Amino acid sequence: MPALRALCGRPVALRTPPPRFLALVVLLLVAAAHLSYYGPPQSARLPARLPASLPTYDQVADAVKHPAAHVPTLDALPEIPRPFGPAVHQPPVQPNSTATSSYRAIEWLADFKWRNPFSSAVAVDENRAVLPPLRTRPPVYTYYDAPGKQPRAVAEAEQRLLLAWRRAWWAQGFKPQVLNRREAHKHALYLLVQRMKLDAKTETDMMRWLAWAHMGGGVLVNWLALPMAEYDNPMLAFLRRAEYPKLSRVHTLGNGVFFGEAAAIHGALTKVVNHDLLKNVTANIDKITQLSRKEGGAVVNLLPAADIAVDQKADGIAYYTAETMSTKYGTVNDKLTNTTQAEGLQLLASLINSHLHLTFQERHPEGVAIVKPLPDHTTALMFEATQIARNLTQCPSSPMPKSCPPNRPKCVPCDVNKSMKLQEFPEFVNTTKFFTIGTVPHPYTMTSLHYTRDTLDAGFLRTMAVRNQWIQELTKKSVGKDKTESYRLVQFKELVAAAPPHTLWLTAERVTQHDLDWIFGFDLPQIASTTKEPSSPNDDSQLIIFPRPDPPTPIQGKEAPDEIWIKKEEIRLGKARDVLKSKDERVQKIVDEVEQWNLADTEAWKFARAYSARRRMERKKWEQDEQDFAGSEKKAGVR
Ligand SMILES: *[C@@H]1O[C@H](CO)[C@@H](O)[C@H](O)[C@H]1NC(C)=O
Ligand SMILES: *[C@@H]1O[C@H](CO)[C@@H](O)[C@H](O)[C@H]1NC(C)=O
Ligand SMILES: *[C@@H]1O[C@H](CO)[C@@H](O)[C@H](O)[C@H]1NC(C)=O
Ligand SMILES: *[C@@H]1O[C@H](CO)[C@@H](O)[C@H](O)[C@H]1NC(C)=O
Ligand SMILES: *[C@@H]1O[C@H](CO)[C@@H](O)[C@H](O)[C@H]1NC(C)=O
Ligand SMILES: *[C@@H]1O[C@H](CO)[C@@H](O)[C@H](O)[C@H]1NC(C)=O
């Protein structure tokens, strides 16, 4: 029974309306709301004409070719209100462009417009740093076929040498890969060669070429041939270009280095297997063995001389041949006997590592510089940088500390009494004679340390804190006074991303550094002599270790702070790290305010952090791909 109510004095019957009617009302309401919110259909409201300053094709093409060139900016398009959903298309997220972190995810975008001072202008998303596109690494191959029966210690020592080989080439911008017989097996000529019943040495040489041909050519080097030169050494620069017009070997390096295109290698191999001497191996075995002992190895000497060019410029690569070992490195060579093979190989690894380290030291004749902008109250912040700098300037541990690399007989060996300089500066000094190490702090960390405040708030920022102090101080002398923060930022980004790198930028919030050996290409000394004189780790060891350099003297006019103050800085640094990790909304709001207050410092931090995260990821991924092959960290028992 419907209820009776009075309307204008007359009773009305109120009944629930039928469901169809209800649906119609709801629909009408939604349509009305939609119209009043969006206005009439959009085609009528589109901008009448596009802004006049759209870049021309030529300008864009120019910017692509010369990323530094100015990219004309677009006038902002008239806003089209879209209350739901983003106003612009998000660029597709590039694969593997994020890394987790206990602070916040590290995200990046590789784009040729990376020289834009502020990433947000290119990347849309606030947190994403725009990095330069990754440099392609040309592959460099080596062939390693482990002999069947080998004492475990010897096998391990060889794996570690292979790892050293991979690291050294990686640091020079290559993609080092260790090939083995299985790659040779994939080549069409494998069975033919295998049936020839060649002597072991000749066969290995043939297999090496077959494996190389299977990979499609490129650079083939012996695993005892390592790059030991400045990054832009002509030989290394040429190899990095990955264009090899002629199949070539390198004079004085014997069978150490070859380069060529796949077709040329294949042609050469076809000629070799059809060589007259190989028609009847049994009859010619002596001649073949003789040929394989000549410079360049069996394949080279079975080829007509015109088929393989001999390159003369060879000073970039150090090759530790048996002959070099016996003439130059007697101490190590004496241990490379059947009974002390493992020990000998270990010493060889130390010798090679010391030569790589020595090359680094010689390339930076003015030593290592630690940049410490705003030096008051930031000693704790520089702890990692100082550790690394001290180890870098220490004389390398070596069985033969007075020896030089095979490719640079006139080097200057490290001398404890005149070891590499280690200095601290309050700003960046722009010369490649230094290797510079810096720590990039988040502006929250910097502000908190600099003003010795455990907590920050908006009021303090506005009344006391100077904006972007870190980047200002860092570039105070190297960049002219009249330059803007944006200009300084771009200069800083260029430094971080430079190749060859003469700087290393750590982030203050990250406490461990795992990639240094891949960045430098060698291991930093991990042990030091306990006295002021060189010594050995123990009585049996042939290794000579050196004293660890003292921490750098403080910047002129500053005193080394007392332990107790450094402790306080450490505690404050820990608190700042906690704040940056915090998920609490109020805390995040303050961090956000600090970032807004210091846009340039924040951008520098984001960039340096993303750059090193990407470098780490690139390497880790490579290690993962290679883990089943000889010379991987897994096989060498490292980490
Ligand atoms: C991204 O990383 C994963 C695992 O780290 C890997 O399997 C994948 O191949 C990577 N993708 C690209 C495009 O590098
Ligand atoms: C190879 O040479 C040996 C000795 O000269 C000879 O006995 C043999 O028949 C030759 N084999 C072939 C396949 O020509
Ligand atoms: C060392 O090994 C080689 C080949 O395996 C062998 O010819 C030589 O006699 C060995 N020397 C010693 C001292 O055992
Ligand atoms: C370093 O100098 C000290 C004193 O001048 C000297 O006794 C020592 O032999 C030197 N060490 C080296 C390795 O030259
Ligand atoms: C360092 O010097 C080079 C050449 O003199 C210059 O191109 C570069 O911009 C400078 N970088 C910084 C950060 O001052
Ligand atoms: C530097 O050397 C010391 C020992 O002298 C070692 O404890 C430390 O781990 C090394 N640091 C790095 C970064 O290699």
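Note that the coordinates shown come from a computational prediction; the quantities given were computed from them, not determined experimentally.
In the displayed structure, L134 atom CG is contacted under 6.0 Å by more than 12 heavy atoms of other residues, nucleotides or ligands. Heavy-atom neighbours of F383 CZ from other residues, nucleotides or ligands within 6.0 Å: at or below the threshold of 12.
Taking a cutoff of 4.0 Å between a charged side-chain nitrogen and a carboxylate oxygen, E427 and K476 do not qualify as a salt bridge. Between E569 and R572 there is no salt bridge, since none of the side-chain N atoms of the basic residue sits less than 4.0 Å from a carboxylate O of the acidic one. Salt bridge present: R167 and D517 bring a charged side-chain N and a carboxylate O closer than 4.0 Å. Note on R619 versus D515: salt bridge recorded, some NZ/NE/NH1/NH2 to OD/OE distance being below 4.0 Å. Between E603 and K493 there is a salt bridge, with a side-chain nitrogen of the basic residue lying less than 4.0 Å from a carboxylate oxygen of the acidic one. Taking the charged nitrogens against the carboxylate oxygens, R609 and E509 have no contact shorter than 4.0 Å, which rules out a salt bridge. With salt bridges taken as basic N to acidic carboxylate O contacts below 4.0 Å, one links K589 and E593. Ion pairing between D376 and K558 holds under the 4.0 Å rule for side-chain N and carboxylate O. By the 4.0 Å N-to-carboxylate-O rule, E633 lies too far from R166 to be salt-bridged with it. The pair E626-K634 does not count as a salt bridge, with every side-chain nitrogen at least 4.0 angstrom from each carboxylate oxygen.
The backbone N or O of A121 sits nowhere less than 3.5 Å from a side-chain atom of N116 that would complete a donor-acceptor pair. The backbone N or O of I564 sits nowhere less than 3.5 Å from a side-chain atom of D562 that would complete a donor-acceptor pair. With H450 contributing its side chain and H377 its backbone, the two residues share no donor-acceptor pair below 3.5 Å. A donor-acceptor pair is defined here as one N or O able to donate and one able to accept, closer than 3.5 Å; such a pair exists between the side chain of D601 and the backbone of W470. At least one donor-acceptor pair closer than 3.5 Å links the side chain of S632 to the backbone N or O of Q627. Using modelled atom types, no side-chain atom of R453 and backbone atom of T447 make a donor-acceptor pair closer than 3.5 Å. In this structure, the side chain of N430 does not engage the main chain of S478 through any donor-acceptor pair within 3.5 Å.
With hydrogens and angles left out, the side-chain atoms of K372 and T379 include a donor and acceptor closer than 3.5 Å.
The minimum heavy-atom distance between V496 and A608, with the atom names listed, is CG1-CA, 4.4 Å. Between T378 and L374, the closest heavy-atom pair is OG1-O, 2.9 Å. The two atoms that bring D315 and N407 nearest to each other are O-ND2, 2.8 Å, heavy atoms only. Taking every heavy atom of both residues into account, D454 and Y444 meet most closely at O-OH, 4.0 Å.
Between S398 and S350, every side-chain heavy-atom pair lies at or beyond the 4.5 Å cut-off. Residues Q596 and L461 form no side-chain contact, since every pair of their non-hydrogen atoms from C-beta on lies 4.5 Å or further apart. The shortest distance between side-chain heavy atoms of P132 and R614 falls below 4.5 Å. Taking 4.5 Å as the limit, every side-chain heavy atom of P441 sits out of range of all side-chain heavy atoms of W605. No side-chain heavy atom of V412 sits less than 4.5 Å from a side-chain heavy atom of L358. Between T436 and V429 there is no side-chain heavy-atom pair separated by less than 4.5 Å. Side-chain contact check for S535 versus I545: some heavy-atom pair is nearer than 4.5 Å. P443 is not listed as a side-chain neighbour of W597, based on a closest heavy-atom distance of 4.5 Å or more.
Taking CG of N598 as the reference point, atom CD of Q472 lies at 10.5 Å (rounded to 0.5 Å). Atom CG of L495 sits about 9.5 Å away from atom OG1 of T475, to the nearest 0.5 Å. Within the model, atoms CD of Q394 and CD1 of I527 stand 9.0 Å from one another, a figure rounded to the nearest 0.5 Å. One finds the CG atom of L524 at 7.5 Å from the CD1 atom of I388 (value rounded to the nearest 0.5 Å). Here the OG1-CZ distance, from T432 to F434, works out to 10.5 Å after rounding to the nearest 0.5 Å. Within the model, atoms SG of C404 and CD of E362 stand 7.0 Å from one another, a figure rounded to the nearest 0.5 Å.
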Audit row: L392, I437, side chain to side chain contact (heavy atoms under 4.5 Å, CB included) steps and yes/no: CA-CA 11 Å; L392 268 176; I437 305 181; 4.0 Å; yes
Chi angles and distances behind the side chain to side chain contact (heavy atoms under 4.5 Å, CB included) call for L489, F607: CA-CA 10 Å; L489 255 180; F607 186 86; over 6 Å; no
Candidate pair L599 and R467, rule side chain to side chain contact (heavy atoms under 4.5 Å, CB included), full reasoning: CA-CA 8 Å; L599 283 177; R467 286 170 185 252; over 6 Å; no
Pair R616-H514, side chain to side chain contact (heavy atoms under 4.5 Å, CB included): steps then yes or no: CA-CA 9 Å; R616 195 163 57 242; H514 277 318; 5.6 Å; no
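Among L356, I352, L226, the single residue meeting the side-chain contact (heavy atoms from CB on, under 4.5 Å) criterion with F522 is L356. Among N391, T530, T393, the one residue that satisfies the side chain to side chain donor-acceptor pair (under 3.5 Å) test with R548 is N391.
A cation-pi geometry, defined here as NZ or CZ lying under 6.0 Å from the six-membered ring centre and within 45° of its normal, holds between R240 and Y231.
Annotation: W114 is not in aromatic contact with Y611 [ring centroid separation under 6.0 Å not met]. In this structure, the ring of Y451 has its center less than 6.0 angstrom from the ring center of F460.
In this structure, F435 and F360 have perpendicular ring planes: the angle between them is above 60°, well past the 30° mark.
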